[in-house]
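A short write-up of the structure that comes next.
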Amino acid sequence: MRLSQLFTKTSRNVPADETAKNAQLLIQAGFINKEMAGVYAYLPLGKIVLDNIVQIIREEMNAIGGQEISLTALQGKEVWETSGRWSDEVVDVWFRTKLANGTELGLAPTHEEPLTAMMKRFIDSYKDLPAFPYQFQIKFRNELRSKSGLMRGREFLMKDLYSFSTDQAQHEAFYEKIIEAYHKVFERLGLGDITYKTFASGGSFSKYSHEFQTLSPVGEDTIYVHEAKKLAINKEVFTDEVLADLGINRDELVEQTAVEVGNIFTLGTKFSEALDLTYNAEAGGSQPVFMGSYGIGPSRLMGLIAEHFADDKGLVWPENVAPAKVYLARLGDQPAVVKQADELYDRLTTAGVLVLYDDRDMRAGEKFADADLLGIPYRIVISEKTVAADSYELKARQADTAQMVKLDEVLKTLGVTA
RNA sequence: CGGGGAGUGGCGCAGUCUGGUAGCGCGCGCGGUUUGGGACCGUGAGGUCGCAGGUUCGAAUCCUGUCUCCCCGACCA
């Protein structure tokens, strides 16, 4: 993409109505636009980042049998009344609205009910199980207070997968698989080392649920980390009983603040019984389907990644989620310089490398500052110097200095095979 | 929802205490000089001070109400 064509631009001023670093940087760099408190629009570069995160999650969900769907945001109240969750006393974050004829509607804060109801069309027999539908959907939650930029919005993107199994044993087999899949997701997002499977409060069908907590000073949760076992315990369930269950001594744990980036739940037959989702068992007889739910917040992850990797010059995206791999800064518009820059841009683009080509008529300092602020992993400068040396000036985002290298070295660094 | 802070050109701010119809930086247009870490000179465009009432000869400034944003708390992917 040529920056001269990109309609967004960076700002030298930090927005005054945000204090969260992720929101400040993402707005300043033109990745997102604030619509209202806790509600953000995604601009071209931000949309690419979000899509990259989504794609990583999608690939890992598909790898374990997930099938992507897209449910609706508009919800009629009947199915929620059946499960008891239409009530404000039970779910206090509903956004409610009405049809023109007065029919009550809500904007979905989650999707257990409509999906469970829908699956009645397709689940009749044990032969139809298990099933793992999932979606990426904007959830609406009327929080009393949104905060921390993308970390906690009133409207946010969520990947929610639901498992439908014959019984607890079949359910647990999948539960273990999704834990592994989640670890892969966070590994690919560059957060593997600081993300812990965390024991949290369960429900009527399991003693615990599991959260995936990423260490961060801006986190809202307190967890107790067992580094050797690579797990953690949420403060909300931190008791002697839990320690005994896990065979852990209190002095092996370190208290940390963390951000909940994922949460997996054994739902059991809570929703299937409420909504009458049953199947005919192999041995005969009707049984309620055994369910689980599994969430990850891509938009929250984007905020967390922005916040976690940023330095004093701006964003620093991991390669897997960066809006481009290379920031190609062309200094000046002399024909030879333009030629070298255009040719490299074409070469890399053809090879499938995403390049932000800064072909704008701006000074070097501004281009360098934007390259840093946008957080693109590699910066390549083309100038009279590089033309004269038949070389390219290459610098990783976090490197202190640039190096003059030949084309093959550029291609090798960027993983382009000749 | 309780407590605290704040709303003034696109963005960041000063002016409010001590009323006299608005100023600075960035950005933007035009002309010129520049050109490797956010250049400089000149010249322009752009706001009626969140909104609604009220006090006053006169309100960004005082009073009342209201909306919005941020932070802490309570609550949450």
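In the text below, chain A, chain B and the rest are named by the order of the sequence lines, each starting its count at 1.
Between B/G73 and B/C17, the distance separating the two C1' atoms is 32 Å to the nearest Å. Nucleotides B/U18 and B/C24 place their P atoms 26 Å apart, quoted to the nearest Å. B/G54 and B/C11 have their P atoms separated by 30 Å, given to the nearest Å. For B/U34 and B/C51, the P atoms lie 47 Å apart once the distance is rounded to whole Å. For the P atoms, the distance from B/G50 to B/A60 is 10 Å, rounded to whole Å. Nucleotides B/G25 and B/U43, compared at atom P, are 13 Å apart to the nearest Å. Across the C1' atoms, B/G58 and B/C1 are found 42 Å apart, a figure rounded to whole Å. Nucleotides B/C13 and B/G4 have their P atoms positioned 23 Å apart, rounded to a whole Å.
A/Gly153 comes within 4.0 angstrom of a base, heavy atoms only. As judged by a 4.0 angstrom heavy-atom cut-off over every strand, A/Asp160 is placed among residues making no nucleic acid contact. Among the heavy atoms of the strands, none lies under 4.0 Å from A/Gln28. Residue-level contact check: A/Val14 touches the backbone only, with heavy atoms under 4.0 Å from sugar-phosphate atoms and none from bases. Across all strands shown, A/Glu220 has heavy atoms under 4.0 Å from base atoms, whether or not it also approaches the sugar-phosphate. Backbone-only engagement by A/Ser148 is indicated by non-hydrogen atom pairs under 4.0 Å involving sugar-phosphate atoms exclusively. Counting non-hydrogen atoms under 4.0 angstrom, A/Ala369 reaches a base of the nucleic acid. Using a 4.0 Å heavy-atom distance criterion, A/Arg379 is classed as a base contact.
Residue A/Ile32 contributes atom CD1, which lies 15 Å from atom P of B/C11 at whole-angstrom precision. Taking atom CG on A/Leu144 and atom P on B/C71, their separation rounds to 15 Å, with Å as the unit. Nucleotide B/C11 holds its P atom 10 Å from the CG atom of A/Asn13, rounded to whole Å. Following rounding to the nearest Å, A/Asp92 (CG) and B/C75 (P) show an atom-to-atom distance of 11 Å. Rounded to an integer number of Å, the gap from CG of A/Asp361 to P of B/U33 is 14 Å. Rounded to whole Å, the distance from CE on A/Met36 to C1' on B/U68 is 11 Å. As rounded to whole Å, 16 Å separates atom C1' of B/C71 from atom CE of A/Met151. B/A39 atom P lies 5 Å from atom CD of A/Glu366, rounded to whole Å.
At least one side-chain nitrogen or oxygen of A/Thr19 sits closer than 4.0 Å to the OP1 or OP2 atom of B/C71. Within the 4.0 Å cut-off from OP1 or OP2 of B/C70, at least one side-chain nitrogen or oxygen of A/Lys34 is found. The phosphate of B/C72 has OP1 or OP2 within less than 4.0 Å of a side-chain N or O from A/Arg145. The side chain of A/Arg363 places an N or O atom within less than 4.0 Å of a non-bridging phosphate oxygen (OP1 or OP2) of B/A39.
Put simply, the side chain of A/Arg152 and the base of B/C75 share a donor and an acceptor less than 3.5 Å apart. Looking at A/Arg12, its side chain has no donor and acceptor atom pair within 3.5 Å of the base of B/G10. Side-chain to base pairing of A/Asp17 with B/C69: no donor and acceptor N or O lie closer than 3.5 Å to each other.
Counting heavy atoms of neighbouring residues, nucleotides and ligands inside a 6.0 Å radius, atom NZ of A/Lys184 does not exceed 12 of them. The number of heavy-atom neighbours closer than 6.0 Å to CD of A/Glu384, taken from other residues, nucleotides and ligands shown, is 12 or below.
In this entry B/G37 has no Watson-Crick or G-U wobble partner, no candidate having both defining distances under 3.5 Å. Across all strands shown, B/G46 has no partner, as no Watson-Crick or G-U wobble contact with both distances under 3.5 Å is found. When Watson-Crick and G-U wobble pairs are counted only if both distances are under 3.5 Å, B/C11 pairs with B/G25. In this structure, B/G2 and B/C72 make a Watson-Crick or G-U wobble pair, each of the two defining distances being under 3.5 angstrom. The nucleotide B/G19 finds no pairing partner, because no Watson-Crick or G-U wobble arrangement with both distances shorter than 3.5 Å includes it.
By the stacking rule of 5.5 Å between ring centres and under 30° between planes, A/Phe368 does not stack on the base of B/G38.
Ion pairing between A/Lys395 and A/Asp400 fails under the 4.0 Å rule for side-chain N and carboxylate O. A salt bridge between A/Glu220 and A/Lys147 is present, with a side-chain N of the basic residue lying under 4.0 Å from a carboxylate O of the acidic one.
Heavy-atom minimum distance, A/Leu414 versus A/Lys325: O-NZ, 2.9 Å.
Ring to ring, A/Phe174 and A/Phe132 are close: their centroids are under 6.0 angstrom apart.
Of the listed residues (A/Lys9, A/Arg12, A/Arg360), just one forms a salt bridge (charged side-chain N to carboxylate O under 4.0 Å, His left out) with A/Asp370, and that residue is A/Arg360.
With a 4.5 Å cut-off on side-chain heavy atoms, A/Thr110 and A/Arg85 count as touching.
For A/Lys385 and A/Glu18, each mapped to the nucleotide of RNA chain B holding its nearest heavy atom, the one lying further toward the 5' end belongs to A/Lys385. Sequence order on RNA chain B of the closest nucleotides to A/Lys313 and A/Gly297 puts A/Lys313 first from the 5' end.
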